[in-house]
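Quick notes on the structure that follows.
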Amino acid sequence: MNELEQTGLAAMRDCWITGGPTFDLAPAAWKEIAGTASPDERERRLLAIAAQALDIGLRPAVPKVLKRRPPLPALALPMLPERLRPLLRAALKQAADARRKVRVVTLVASRGFVLHPMDWMPAASDQNSPDVYAPWIDWQAGLEGQVHAPREKLTAENWDDFYPAARRIALADMRRIEPAAARMLIETKGSSEPAEVRLALIELMRFGLTLEDAPFLKSLSTDRSGKVRELAGRLLARLGEHGQLGDGGADDPVAELAAFISEGKSGFIRRRTTYTPAKLKSPAQEQRRAELFETCNLVDLAARFGATEPEFIGAWQFGADNNADILIARMVAASGSDAAVTHMADTLVADGGKPALFVLHLMPRLDSRRKRTLIRLILKDWKYLGALNLAEGIEASWLEWDDLTNGQVLPALRSVIGATDDAMRRGLDDILETMGFLTTTATAARLIDEVVAAGMPPAAPSLALLRLNAALAEHPSGTDT
Amino acid sequence: MEFDLKTIEALAPDQASLSAASKLTKRSNWPRLERNEQQALIWGECQGSGSNPYRVVVDTGDHGYKCTCPSRKFPCKHTLALMWIAATAPASFAPAQSTPEWVNDWLGRRRKTTPQTAGPVLPGAAAKSIDDALQPDEAAVVEDAAAVERREAAQRKRAQETRSAVSAALDELDQWIADQLRLGLSGFVDASSERCRRIAARLVDLKATALAGRIDEIPSRLMALRSEERPDAAIRELGKLVLLAKAWRSEPDDPELKRLVSTSETREQILANPEARQVESHWEVLGEKIETRRDGLVSHSTWLLDLNSVTPQFALLLDYFPASAGRRSNAFAPGDRFNARLVFYPSRTPLRALVAERIGDVSSGAAWPDFGALKDPLAARASQQDGAPWLTDSPLILPPGAISLDDRGTAWWQAADDPHGIALPIAGAVDQTLLGIDLAAAAALWNGARLDLLAAQSRFGRLDLS
C-alpha cells in the first residue's frame, strides 16, 4: 500500500466511524474499482478493499517498549521425561495445596528430575522446594538481568553476584561445612540487608549451630528488627544461653509461665519430680499460657524449676493436657537444645501411643533416622495414620514394603476402600497421597496392586502420586529426557 | 468379555438406538478397539458423523459406560455398538497393558454403581429387538425409476428455493452493511450485539444459516479488542462479509461458499467426493478450541499439523454440538500424534478435514519438522487471503521468537532475530513463565488483530498453549 492509499484509508476510516459516504475520500485506484455503481454499492466495494488493506497491507504497530523477561535458567537436573508428564500433572492436580505440590516436586527431584516449567513453578517466596529450583525462585522474584548461578564459593566479594535463593542455599551448605566462615559472611554482609533478608540469613545459623556462634548471636540483641532479636534469642537458647532470667516478679514472663505448671512427686520407692500443666479456669488463661509458651525459652523455664532441659522434659506429664503438650512440644522445637529435642523424641517414641505424635512438632530438628522411626511408629497403629499428613520435613522415597506390613496400615486401608463416608474417603486419599511420597518405587507399585485388589479403581485420582512414584522407576536419572 | 446380545438389547434405550448401533458394528468404523482384562474394560474410538472420533469406554463388569458423543440417549448407539462388537467379535479388541489417559480420567471421576440391568419394560413402551435391528432398513428398499425421478425433482426444487432464499438473504445483508456505514461504525461497535443478532435472525429465516452464525460472533470478536482497535476490526469483519456475498453470487454452487453461507456437506458427501483432497500423513494435535457460540452451539476445533510436509500444512477437525448437551470430553490430547488419512472439504485453501482412516499412533515428543526460513510470519496469511479473502482465521507457524509485554500488560510475540521488525499481539493473558522461554517455533491462529497461540517448541520441549 502506498502513502496516498494509506492517507485515503485513514480518511475513509474516520468518515465511516462517524457515518457517511467515503467515495470522495478514496484513493483514485480504489474509486476506479468502486466504479459507477449505486452509492451504497460503492461504499460496500470500498469497504471490501479497505478490509483487505487493513488485513494484509498494514501490520500491527510495534509498541515502542516491549519488555522481555530474562531467559528462564536451566536447572542442574534433567527434565522429567515427556511421557511421564501426564502422570505428574495428575499428581499435581490431586495435590490440594502448595505444601502438597512441593511434596510431588520433592519426590521427582529425589529421583533425579525437575519439572517442566509449564507444569509447575516455585513461588518467588518459596523456601520449601528442593534446592535445585533456586534459579527459578530467583527468576520468579522478578530479578532483572541474566540470572547468575556462580559456581565459585560464596564470598563477601561475590556476594552480590548471587541472587537470594542461590545465596541462601550456598550459605546453608557453607554452614554445614565451614560454619565459622559462613557466620563471618552473614555478620559482614547481613547488616546492610533489609530486616526481612537479615532474618532469613540469621535463620540459616541453625545449621551447624555451636557455642562459637554465641558472641555473634548476642550482638544481635541490639538489632533494629524485633524479629531478628527474637530469633537470635531462640538460637542462643538452643545453645543453653539464658536470655530471659527475670526477677521472678509479676513482669517476669518465665515466672508467669511457671505458675501455669504444677511441680509434684510420683513413685513410692524412687520419688521422681513431675511437671503437670495446671488446670485452667478460662479461655483467657488458655490464651495467655499459649502466648507465654511462644515467647519463653525452654532453658529458662527449666531453670525456673531448677532442672536441666532433659530433666524438665523427662518429668513433663504428657497426656494430662493435650493443648499444653502441643505448646511444650513447639517450645522444645523452637528453643530447646539438641539434647532436649532428641531426649523428648526418643522418650516419647519409645513409650509409643498418642504422646509419640507430639514428636511430629520436632520434625524439622530431627535427624533422618529419628524421623523415619517416628513414621514407622505411626504406621503401626491405624488410629494415628491421619497424623502422617502433619509430618513436615520428611524425606521422600524410603518407605519399604516391610514397613507397611509390620503395622496396621494395610488392613486399615483395605477396610476403608469402598467406604461411602466422605470423611473416610478423604482420609484414605490423604494417606495414599502421603504414601506416594514416602514409598520406594517397588513399594509404590506393590501398594497400588494391594489397594486395587481391595476394590479401589486402578485409575483413582488418589493413586496419582503412587502411580508417578512407580513409573519413575523406569526412568533412572539422565536418560530419556 | 461379559456381554451377550440379550444384555445389549435390554440396555438399549429404544429400537432406533439398536438399529443405529448395528450399522456401527463394522470394523472400519473403529480405528481403535482395545481391552484390558485385568480392569474389565473395553474401549474404542468410533468415527461417527463428527470430524473428531467419539471415544467410548465400557466397564464389562458393571456395564458402566462413557461416550464423548453429544447424544442424549443412554447408552448411545456408539456404546451399544462397542458392546455389540464385544459380544460378537471379541477378537477385534487388541489387548492393552495400560489404559489411555482419557479412560483413566473417566475411571477417576466415576462412582461405581451396582451393575446395570435392564429395567422392566413399561406398558406401552416399544419392545426392542436385536433381530429387528439387523433387518435391512426399509428406506434402503430399491426405489423404482419414477420414484427416483420424483425424489430428485423435489431435491432440485428445494435447492432452487434455498438458493433464492439465500440470494434474498444476501440482499438484506448488503443493505444492512450499507446502513451500518451510513449510521457510523462507532454506533455499530457500541450496539453490535443487538444489530448483529437482528440480521443474524433474518439470515436464519432465509436459510443463510452459516453466515448468520458468523455474524452472531462478530460482537464477541470486537469486544476482545481494545476500544481503539474495534472500528478497524469492524471494517475488516464487514468488508469480508461483502466479499463473501459477492463471491457466492458469482458462484452459488461453489461448495466452499455454500458451506460458509448456508449449510455444510455431510460427512458421507465429503468422503464420497472424488475431488476432495486426501492426505495420508503423520499428524500432531496442535491444540483444541472449544467455544460456546451465541446461537447455542458449541464449536469444537481441533488443529492438526502435518509432520511430513516440507511447508507448514494444517488441518482443522471442526464439530458443532448443542451447548445443552453439556461439557464434552476432548477427542484428542494436545501433543498426540497419529498416522491417518484425512479428507479435506473442497476449498480454495483446504483446511477443514475429516479423519477418513486412522492408521495408528505415532510416538510423540519430537520437535516439529524444520520448515526452513520463515522470513515473514504473515506470508501464509497473505497467501490464504489472496485465494479466499473472506476467511477470518489463518493458522501459522511462527519463526523463532519470544513473548514480551507492552506497557499496558498486553503480550506480544516478537521475532527473535528482528527486535525492531514484526511483532504480533496475543489474545488473552499468557502464562508468566512463557515470558522467560525462547520459542524455537510456535503454532498460532492469526485473525488480523490477535494471535491465538496453540503450541510451541522450545528448549523445554513442546509447550501446550491452547
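Just so it is clear, the values below take in all heavy atoms, side chains as well, and ignore hydrogens, waters and symmetry mates. Chain letters run A, B, ... following the sequence lines, proteins first, then strands; residues in each count from 1. Everything quoted here is computed from the prediction, not taken from an experiment.
- Residue with the most contacts toward chain B among A/Val65, A/Val452, A/Ile56, A/Leu463: A/Ile56 (heavy-atom pairs, distance under 4.5 Å).
- At a threshold of 4.0 Å, the pair A/Asp55-B/Lys240 counts as salt-bridged, since one of the basic side-chain nitrogens sits closer than that to a carboxylate oxygen.
- Residues A/Arg45 and B/Val242 fail the side-chain proximity criterion, which asks for heavy atoms closer than 4.5 Å.
- At a threshold of 4.5 Å between non-hydrogen side-chain atoms, the residues B/Thr433 and A/Trp136 do not count as touching.
- Residues A/Leu66 and B/Ala423 share a closest heavy-atom pair of CD1-CB, 4.1 Å.
- In terms of heavy-atom pairs under 4.5 Å with chain A, the best-connected choice from B/Asp438, B/Leu238, B/Asp407, B/Leu378 is B/Leu378.
- Heavy atoms of B/Leu463 lying under 4.5 Å from chain A belong exclusively to its side chain.
- Salt bridge B/Asp376/A/Arg59: present, at least one basic N to carboxylate O contact under 4.0 Å.
- For the set B/Asp232, B/Leu243, B/Asp406, the count of heavy-atom pairs under 4.5 angstrom toward chain A peaks at B/Asp232.
- Options A/Gly20, A/Ala460, A/Cys15, A/Pro21 differ in how many heavy-atom pairs under 4.5 Å they form with chain B, and the most are formed by A/Gly20.
- Judged by distance alone, with hydrogens and angles left aside, the side-chain atoms of A/Arg44 form a donor-acceptor pair with the main-chain N or O of B/Asp174 at under 3.5 Å.
- With a 4.5 Å cut-off on non-hydrogen atoms, B/Arg408 does not touch chain A at all.
- Residues B/Ser186 and A/Thr18 have side chains not in contact (no heavy-atom distance under 4.5 Å, counting atoms from C-beta outward).
- Interface residue A/Ile17: backbone and side-chain heavy atoms are both found under 4.5 Å from chain B.
- Between B/Phe460 and A/Pro73 the shortest heavy-atom distance is CZ-O, 4.3 Å.
- The CD atom of B/Gln180 lies 11.0 Å from the CG atom of A/Leu47; values are rounded to the nearest 0.5 Å.
- Using a 4.5 Å cut-off between heavy atoms, A/Ala74 contacts chain B through both its backbone and its side chain.
- Note: A/Arg69 CZ to B/Leu434 CG = 12.0 Å, rounded to the nearest 0.5 Å.
- Ion pairing of B/Arg182 with A/Asp40 is present here, as a side-chain N (NZ or NE/NH1/NH2) and a carboxylate O approach within less than 4.0 Å.
- The closest side-chain heavy-atom distance from A/Gln52 to B/Pro389 is below 4.5 Å.
- The shortest heavy-atom contact between A/Val62 and B/Trp412 is CA-CZ3, 4.5 Å.
- Atoms CD and CD1, from A/Glu43 and B/Ile177 in turn, are 12.5 Å apart once rounded to the nearest 0.5 Å.
- In this structure, A/Trp16 and B/Ile235 approach most closely via the heavy-atom pair CE3-CD1, 3.9 Å.
- Distance CE/A/Met118 to OG/B/Ser458: 8.5 Å, rounded to 0.5 Å.
- In this structure, B/Leu405 and A/Arg68 have side chains that are not in contact, with every pair of non-hydrogen atoms separated by 4.5 Å or more.
- Of all heavy-atom pairs between A/Pro60 and B/Trp446, the closest is CG-CH2, 3.7 Å.
- Within 6.0 Å of CD on A/Glu32 lie no more than 12 heavy atoms contributed by other residues, nucleotides or ligands.
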